[in-house]
Amino acid sequence: DAKTTQPPSMDCAEGRAANLPCNHSTISGNEYVYWYRQIHSQGPQYIIHGLKNNETNEMASLIITEDRKSSTLILPHATLRDTAVYYCIVKGDGGNQFYFGTGTSLTVIP
Amino acid sequence: EAQVTQNPRYLITVTGKKLTVTCSQNMNHEYMSWYRQDPGLGLRQIYYSMNVEVTDKGDVPEGYKVSRKEKRNFPLILESPSPNQTSLYFCASSFLPSYLQYFGPGTRLTVT
């Protein structure tokens, strides 16, 4: 029972914005959405998280729809080092368990 | 330096030979967790712990045991490993209630 749905792969030109979508239609009202990325087989790295408002940090921006059923991670100026697998995750309903899914493999093209 | 460490990083073993993968964090995090990663299946949670002596099953706990006797350590135990437990394993930890998880470097386990 998938908690999040992401496209398996995307390409982005270097220097352009990368917009990675995620559907999380079963998210609970007070659950956050978290984004991580994984470069090769290294440990995943935290990027950003949000509840209902848009969020921005030094790495990325997160846009969450008003109904909270989907979100978009934005890397404003993608570089080659942003080539990675990006995971959108939520906690289980009422629990403390996380569901990563298979993520989106982003390739930044020179 | 704040970090999550795992040992060993690589392990090749045989079916049925008990093994332990250690995980340690130096950030005083309450929450710790184990994940396995397999091609096409992404990361799946095995077990997690909310604090000392508090552990719970994740998505794929069969064949694994954990313990949390100290806050900093969360070992993963395979009492009778089988080839279907060949995988890349990650340990993670976070403060509560943020759940912003820091991941270890991974342990690549092969069971023959």
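Throughout, protein chains are lettered first and strands after them, A, B, ... in sequence-line order, and every chain is numbered starting at 1.
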Q.
Counting only heavy atoms from other residues, nucleotides and ligands, does the tally under 6.0 Å from CD1 of I12(B) exceed 12?
A.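 No, the 6.0 Å shell around CD1 holds no more than 12 heavy atoms from other groups.
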
(Q) For T102(A) versus L41(B), what's the shortest heavy-atom pair and its separation? (A) CG2-C, 3.7 Å

Q: Provide the closest heavy-atom pair for N96(A) versus Y48(B) in the form atom of the first, atom of the second, distance.
A: CB-CE1, 3.6 Å

Q) Which one, Y99(B), F90(B), Y47(B), leads in non-hydrogen pairs under 4.5 Å with chain A? A)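 With the most close heavy-atom pairs to chain A, the winner is Y99(B).
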
Heavy-atom distance under 4.5 Å to chain A: side chain of [X], backbone, both or neither?
X	value
R108(B)	side chain
Q37(B)	side chain
S33(B)	neither
L88(B)	side chain
Y35(B)	side chain

Q | Any donor-acceptor N/O pair, Q45(B) side chain to F98(A) backbone, under 3.5 Å | A | yes

Q. With chain B, which of G43(A), P8(A), S41(A), P44(A) has the greatest number of heavy-atom pairs at distances under 4.5 Å?
A. P44(A)

[X], [Y]: one ILVMFWY side-chain cluster at the under-4.5 Å cut-off?
X	Y	value
F103(B)	I46(B)	no
I89(A)	V60(B)	no
Y34(A)	V85(A)	yes
L80(A)	L73(A)	yes

Q. Taking atom OH of Y32(A) and atom CG of L100(B), what is their separation to the nearest 0.5 Å?
A. 9.5 Å

Q. Chain B heavy atoms under 4.5 Å from Q97(A): which part of the residue, side chain, backbone, both or neither?
A.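 The answer is both parts of Q97(A).
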
**Q.** Non-hydrogen side-chain atoms of Y36(A) and Q101(B) separated by less than 4.5 Å
**A.** yes

